[in-house]
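All values below come from the heavy atoms of this structure, side chains included, with hydrogens, waters and symmetry mates left out.
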Amino acid sequence: QVQLVESGGGLVQAGGSLRLSCEASGRSLSWSPVAWFRQALGKEREIVAALSWSGSRTYYVDSVKGRFTISRDNAKNSVYLQMNSLKPEDTAVYYCASGRASSNRYYIATRTNEYDYWGQGTQVTVSS
């Protein structure tokens, strides 16, 4: 059984930092694109950042560029999201996701239907 488990969320003041972690079990992430999505109350789930399996290519939504960094450690079967200079509008439940394995080292996916495994989510709340 494949499981993705996020951790690291919490309450932080605006301007602060958090580091989210996502550990996978039951499946190697080594050949899969991975991503972080978020869903704020009353809004649709949106992509925050994505990373190819090789780590060669990244994608960030405009609102987090320069503040967030996605990374992976294939040896630990884990994905991370470093979030700096947090803003109240970053408040949401954050989800990690893994997509289908690909032979393309540059392949990333940005749509929810391109990911087949999801974590349960971790709440990030940024106070003003």
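- Within the 4.5 Å cutoff, the side chain of Val93 has no heavy atoms near those of the Thr122 side chain.
- Ser63 is not listed as a side-chain neighbour of Lys87, based on a closest heavy-atom distance of 4.5 Å or more.
- Side-chain polar atoms of Asn84 and Ser17 form a donor-acceptor pair below 3.5 angstrom.
- Around the CZ atom of Arg111, the shell of radius 6.0 Å holds no more than 12 heavy atoms that belong to other residues, nucleotides or ligands.
- No hydrogens or angles considered: a donor-acceptor pair under 3.5 Å links the side chains of Gln123 and Thr125.
- Shown here are the ring-ring contact (aromatic ring centres under 6.0 Å, His included) partners of Tyr115, two or more places apart in sequence or in another chain: Phe37.
- Trp53 places a side-chain N or O within donor-acceptor distance of the main-chain N or O of Asn104, the cut-off being under 3.5 Å.
- Trp118 and Tyr95 have perpendicular rings, their planes meeting at more than 60° on a 0 to 90° scale where under 30° would count as parallel.
- Side-chain N or O atoms of Ser52 include none that pairs as donor or acceptor with a backbone N or O of Tyr106 at under 3.5 Å.
- By the ring-ring contact (aromatic ring centres under 6.0 Å, His included) test, Trp36 is found to be paired with no residue, residues two or more places apart in sequence or in another chain being considered.
- A side-chain donor from one of Ser98 and Arg27 sits under 3.5 Å from a side-chain acceptor of the other.
- Considering only residues two or more places apart in sequence or on other chains, Arg38 meets the salt bridge (charged side-chain N to carboxylate O under 4.0 Å, His left out) condition with Glu46, Asp90.
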